[in-house]
Number of protein chains: 2
Amino acid sequence: MNATYKDVKSDILSKITSGHWQPGSLIPNEIELAETYGCARATVNRAMRELADDGLIERRRKAGTRVRASPIRQARFDIPLVRREIEDKGAEYRYSLASRSIETAPDWLRTRLQLGQGADALHLVCMHYADGDPFQHEDRWINLEVLPQARDADFSQVGPNEWLVSTIPFSTAEISFSATLADRALAEYLACDTGAPLFTVERATWFEGDANTFVRLTYRPGHRMTTRY
Amino acid sequence: MNATYKDVKSDILSKITSGHWQPGSLIPNEIELAETYGCARATVNRAMRELADDGLIERRRKAGTRVRASPIRQARFDIPLVRREIEDKGAEYRYSLASRSIETAPDWLRTRLQLGQGADALHLVCMHYADGDPFQHEDRWINLEVLPQARDADFSQVGPNEWLVSTIPFSTAEISFSATLADRALAEYLACDTGAPLFTVERATWFEGDANTFVRLTYRPGHRMTTRY
DNA sequence: ATTCCGTTTATGTCTAGACTATATATAGGG
DNA sequence: CCCTATATATAGTCTAGACATAAACGGAAT
């Protein structure tokens, strides 16, 4: 009686994980459950909606709710600013700008960001250090057609990442992870051997349909990205 | 008038992304918004709750709701079964078991999974192919204390991943991504050069407090894991 | 000044009831 | 036998109102 939506949620969850309700099976409808738990239907609804969001059950009008045959396994990563990532470890953060230039966007970038021919882009290469040791190498391109104010921004003290977050805080992104080999330049930046395997993140971001930036972040050897689910 | 929670959500969202409500600023309380949109407070509440879940706003009792100074950027990955990953590309999936043995769990594994001394583990090495080409190498350890039935399972036709999903469908996991170098054995399995950089996923899973499996998945060179957010 | 405590305020949750939307089942017509 | 209306079951959402809970605030006692 008087169950909260959390009670209902965890009870249903335990019925599922314990195997009491088998994968693929239909579970009682909201009205029945509301009677069982002695609460309003809205309460059951919220519990079930959250379980559906978590990928454990599947709900369809009229057809009812069933336990997913194979639960969707999904991992959620927080993508922090490098500065935070480093400071959260208790290390001291340092930033340095290695190079800055305005270039005609190369073909691969124009394809990636759907830019017109001959579009100008600001090309930045930066390093992020943790307690003085190389932590992350940043190779960034900024679309000057969409962000002309980047031309006058000073990236010598503040990284482009932080500048972008404060300039266009809300954007959509495509992110991809891979492994790459340290070439001579990267090896020098990251103080590692040429040929070392490096964890790499590439991210392209859009705001209101326009691509504004593409970045390749390369981490020092041994870096791991971890999460629980 | 008569706004749905989606209307409210998207209107608030646009006020935020357009900069009408600046990062860090306080936004009107639920009662005021309900009046503004001509709907019940519960409707505004749901809209705001979802925006908070999405990491765009921060809510605190009594203090009110404010636009996050720097929005939490989070990526969500679906972790598919390899078979699905391959079949979804339209490629033909093939599985093969390379080796199977029961061993005393090595120290690193005992630490990783919090196993007792001298615990037995089933060690499997498998390969997953897409259209005949090596796609993923799987190096898996299964805790036989928790899953004794794995001793008698036949992994020659069905991969351990699929067996585990049907045996213990609901579990918590710790997952981590990194880049590793192809040693001679891996290079042979994946038909690539020794020294190639390989994208690696490690996953440990628990069920009701007990660790049941640890796996290292190594992808063929050039593999990317991509998502949008 | 500092600590403690009650007040106030905004969010968090629950309820009972209503209406809506959608997928399924069924019956009737060609 | 197939197609098409119609009925029906179930989830999805909204409402008005109530009470719960956390946290900020202000004043009182130290």
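Lettering follows sequence order; numbering is per chain, from 1. Only a predicted model underlies this, so the values are computations on that prediction, with no experimental measurement involved.
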Nucleotide dT10(D), atom C1' - distance to CG of Leu33(A) in whole Å: 12 Å

Test item: Asp131(A) side-chain N/O and Glu92(A) main-chain N/O as donor-acceptor pair under 3.5 Å: yes

CD (Gln157(A)) with more than 12 external heavy atoms under 6.0 Å: no

Spacing of Tyr229(B) atom OH and Arg76(B) atom CZ [to the nearest 0.5 Å]: 14.5 Å

Short side-chain N/O contact from Asn29(A) to OP1 or OP2 of dT10(D), under 4.0 Å: yes

Atom-to-atom span, CG of Leu26(A) to C1' of dT10(D) - whole angstrom: 10 Å

Derivation of the side chain to side chain contact (heavy atoms under 4.5 Å, CB included) call for Arg73(B) and Val165(A): CA-CA 10 Å; Arg73(B) 294 169 173 276; Val165(A) 166; 4.3 Å; yes

Rounded interatomic separation in angstrom, taking OH from Tyr5(B) and C1' from dT20(C): 14 Å

Distance in angstrom units between Lys9(A) NZ and dT13(C) P, rounded: 11 Å

Separation of dT8(D) P from Ile31(A) CD1 (nearest whole Å): 15 Å

Presence of Thr65(B) side-chain N/O under 4.0 Å of dA10(C) phosphate oxygens OP1/OP2: no

Straight-line distance of His137(A) NE2 to Arg216(A) CZ, nearest 0.5 Å: 10.0 Å

Separation of dA10(C) P from Met48(B) CE (nearest whole Å): 11 Å

Which atoms of nucleotides 15-19 of chain D (N or O only) lie under 3.5 Å from a protein N or O atom, and what are those distances?
unit_1  : atom_1 : unit_2   : atom_2 : d
dT15(D) : OP2    : Ala40(B) : N      : 2.7
dT15(D) : OP2    : Thr43(B) : OG1    : 2.7
dA18(D) : N6     : Arg41(B) : NH2    : 3.2

Polar side chain donor-acceptor pair, Thr172(A) to Arg228(B), under 3.5 angstrom: no

Could you go through nucleotides 24-27 of chain D and list every protein N or O atom that sits under 3.5 Å from one of its N or O atoms, giving the distance for each pair?
unit_1  : atom_1 : unit_2   : atom_2 : d
dA24(D) : OP1    : Arg60(B) : NH2    : 2.2

Ionic contact status for Asp11(B) with Lys15(B), cut-off 4.0 Å: yes

Protein-nucleotide distance (Glu30(B), atom CD; dA22(D), atom C1'), rounded to Å: 14 Å

N/O (side chain, Arg46(B)) to phosphate O (OP1/OP2, dT13(D)) under 4.0 Å: yes

Rounded distance (Å) that lies between atom C1' of dT11(C) and atom CG of Leu51(B): 15 Å

Carboxylate-amine/guanidinium proximity below 4.0 Å for Glu30(A) and Arg49(A): no

Nearest atoms (heavy-atom pairs only) where Tyr219(A) meets Val201(A): CE1-CG2, 4.0 Å

